[in-house]
Amino acid sequence: MADPTARTSHELDPLVRGAVGRETGVLLSVGEAKGDPENGYEPSGRLRYTLTLLKGKEVDTILAKPACYSGAGFTEDPRAAEKRGEVILVDRHRLHEGE
């Protein structure tokens with residue numbers, strides 16, 4: 001997704017839409033996936049900013065939640081952001097077994 005203000009672009013790994021009486025469905029989630037142990041990163045701010053960009057393009061983001069996916073798990077900072085309700089974290093266990 002293009003970010004004209006920062007003159008860069010943002011890559012969205014998963015983008016989830018739900019069909020709610022619309023052809024494309026409402027946007028439910030934007031996400032970022034990482035497979036390495038670098039998961040002290042703080043992606044939720046970047047994802048919230050991406051939601052702001054999408055809203056500016058007239059995408060309905062009212063139900064959208066930022067989500068981070070990791071095959072290696074998460075460190076303390078992303079876990080704290082999840083507890084504050086800022087992001088949904090999906091590790092291997094949650095992906096394969098559910099909550």
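Numbers for residues simply follow the sequence, beginning at 1.
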Carboxylate-amine/guanidinium proximity below 4.0 Å for Glu86 and Arg48: yes
task: Would you give the length of the straight line joining atom CG of Leu28 to atom CD1 of Ile62, rounded to the nearest 0.5 angstrom?
output: 12.5 Å
Spacing of CG belonging to Asp60 relative to NZ belonging to Lys55, to within rounding of 0.5 Å: 9.0 Å
Nearest atoms (heavy-atom pairs only) where [X] meets [Y]:
X: Pro78; Y: Val87; answer: O-CG1, 4.2 Å
X: Phe74; Y: Tyr69; answer: CZ-C, 4.0 Å
X: Pro66; Y: Leu47; answer: CB-CB, 3.5 Å

message: Tell me whether the count of non-hydrogen atoms from other residues, nucleotides or ligands lying under 6.0 Å of CZ in Arg79 goes above 12.
response: yes
task: Start with the C-alpha distance between Cys68 and Leu89, add both sets of side-chain angles, then the distance that settles side-chain contact (heavy atoms from CB on, under 4.5 Å), and finish with yes or no.
output: CA-CA 5 Å; Cys68 300; Leu89 301 181; 3.8 Å; yes
query: Is the shortest heavy-atom distance from the side chain of Leu54 to the side chain of Val30 under 4.5 Å?
result: yes
- prompt: Considering only heavy atoms from C-beta outward, does the side chain of Leu51 approach that of Leu27 to under 4.5 Å?
  reply: yes
Side chain Ser29, main chain Lys65, donor-acceptor under 3.5 Å: yes
query: In chain order, what residues pass the salt bridge (charged side-chain N to carboxylate O under 4.0 Å, His left out) check against Arg94, with sequence neighbours excluded?
result: Glu82, Glu99
